[in-house]
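Order of appearance sets the numbers: ligands from 1, and atoms from 1 within every ligand. Index from 1, following the sequence. FYI, side chains are in, hydrogens and waters are out, and symmetry mates aren't considered; it's all heavy atoms of this structure.
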Amino acid sequence: MLPAVHRLLDEPRIARFVVLLGSVTVKEQIGAALARARRAPAVPDPGAVADEVVVALAHEAREMFSGVLNGTGILLHTNLGRAPLAAEAIDAIAAAAAGASNLEYDLTSGRRGSRHDRLRSALRAATGAEDALVVNNCAAAVLLMLDTFARAPDGSAREVIVARNELIEIGGGFRLPDVLARSGAQLVEVGTVNKLRLDDYARALGPRTALLLRVHRSNHRIEGFVAGVGPRDLVALGRRAGVPVVEDLGSGALTDLQAYGLPPERTVQEAVAEGFDLVAFSGDKLLGGPQAGIVAGRTAAIARLRANPLLRALRVGSATLAALGATLALHRDATARARIPFYAMLGAPLETLCARAAALTERLRALELDVVAHDAYAGGGTLPLVAIPSIALAWRTARGGATAGAERLRAGTPPVIAQVAEQTVLIDLRTIAPHDDEALGAALGAAG
Ligand SMILES: *Cc1c(COP(=O)(O)O)cnc(C)c1O
């Protein structure tokens with residue numbers, strides 16, 4: 001006999017989809033599976049019907065937004081949502097989402113205010129800049145800067161001078177020359193791929209120059225017979241010519257990464273102190289906060305960005321502002337910063353990762369997992385060549401090989417994203433929070 005609908009609904013492995021997909025969808029899938037079973041020549045056993053429902057629901061759930069475990073060892077994995085948020089930032093989002101706020105309301109005057117004032121003082125304190133502004137992501141920040149300065153009052157294109165070796169593509173379709181073209185700016189490339197001199201910029205300056213733009217190289221490095229231009233020299237050149245000098249910093253470190261065993265990375269504060277009119281950086285890279293783009297800089301330059309009507313289309317909501325504010329507060333000292341997941345991942349000692357790996361191999365003895373050394377990376381287009389020593393679980397699954405093993409992990413609950421190398425599934429523990437070890441163990445056990 002076929003199982004009743006409510007029986008199937010009560011099965012825990014089916015019931016857990018109600019939260020994610022809603023009861024209507026779950027009932028629909030149950031109905032569809034029962035209809036197929038009725039048409040079948042032989043009556044399937046109840047377990048097989050439930051299996052079918054679970055497969056259909058799992059398929060549907062995979063198309064939806066869902067949490068995963070990042071076992072790749074890439075700390076800021078753009079495909080996996082970049083920086084996980086600190087508990088403080090998550091609490092701030094919950095509080096902002098639960099009720100009304102002063103998002104665009106001035107509590108002193110009782111009149112309409114600006115959302116762009118909300119994090120102004122926190123950003124000024126964090127960056128040392130005179131003023132700052134938050135938009136949707138760093139790509140939006142760059143677009144806003146270009147659109148604001150590179151359009152002449154009559155609408156004609158003005159020129160933006162950029163070093164040839166800084167015309168980067170970051171991934172996800174962000175190619176600097178295309179963004180420049182989109183903003184209506186005319187690109188003037190200077191220097192060669194390996195050599196760039198201040199004189200290259202000086203000779204390109206002209207009456208139609210709108211901006212000198214410096215771009216962080218992010219995901220590549222040029223080595224060998226090279227020459228570059230120091231940021232201070234570029235700023236001084238712009239000052240003399242009366243042309244604003246702006247920088248797309250991308251990753252946006254607020255602290256010296258050498259304290260975390262990484263190579264030095266110019267900080268936002270340094271770029272601001274060097275005198276750039278505007279500096280743009282991401283909220284969800286080295287800052288470890290929500291997706292956002294921050295522009296910090298001089299009062300007059302920020303005022304021009306604020307006056308651009310395009311800003312309305314690039315603005316962020318209260319959840320972003322709340323999470324960003326809470327994350328900035330955690331950058332006040334090293335102890336607080338360690339509460340930001342990116343810095344917790346970065347700072348996790350190898351012994352701790354080894355102990356977690358040992359506990360998991362012990363618990364999952366049937367899978368015969370090995371504990372191996374692995375290279376983790378910062379990701380997010382930052383520090384692409386710097387391996388961070390890490391520890392991975394190595395799973396040599398007999399059932400269908402490593403690719404099939406990784407596939408079963410992706411299909412599990414929660415989905416686990418692993419790497420496959422040399423017929424082995426590798427799960428890096430640096431990018432999985434210790435409080436997720438329990439869930440990881442269960443997912444691995446189910447996939448085994
Ligand atoms: C990552 C990056 C961006 C894009 O930042 P998003 O916040 O992802 O939009 C822009 N410029 C540089 C140099 C970057 O590294």
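Here the shortest heavy-atom pairing between T78 and G380 reads OG1-CA, 4.1 Å. Contact between V316 and R115 at its shortest, heavy atoms only, is O-NH1, 2.7 Å.
If you check the side chains of R151 and S183, you find no donor sitting under 3.5 Å from an acceptor.
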- [ ] Go through the steps to decide whether L353 and R430 satisfy the test side chain to side chain contact (heavy atoms under 4.5 Å, CB included), and finish with yes or no.
- [x] CA-CA 7 Å; L353 301 180; R430 191 175 286 284; 3.6 Å; yes
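Ionic pairing of E104 and R315 is present here: one or more N-O contacts between side-chain nitrogen and carboxylate oxygen are shorter than 4.0 angstrom.
Screening T72, T431, I432, L409 for a side-chain contact (heavy atoms from CB on, under 4.5 Å) with I417, the sole residue that qualifies is T72.
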Output block, N or O contacts of ligand 1, threshold 3.5 Å exclusive:
from, atom 1, to, atom 2, distance (Å)
ligand 1, 5 (O), S282, OG, 3.1
ligand 1, 7 (O), C138, N, 2.9
ligand 1, 7 (O), S282, OG, 2.5
ligand 1, 8 (O), R82, NH1, 2.9
ligand 1, 8 (O), R82, NH2, 2.9
ligand 1, 9 (O), C138, N, 3.2
ligand 1, 9 (O), A139, N, 2.8
ligand 1, 11 (N), D248, OD1, 3.0
ligand 1, 11 (N), D248, OD2, 2.6
ligand 1, 15 (O), S218, OG, 2.5
ligand 1, 15 (O), K285, NZ, 2.8

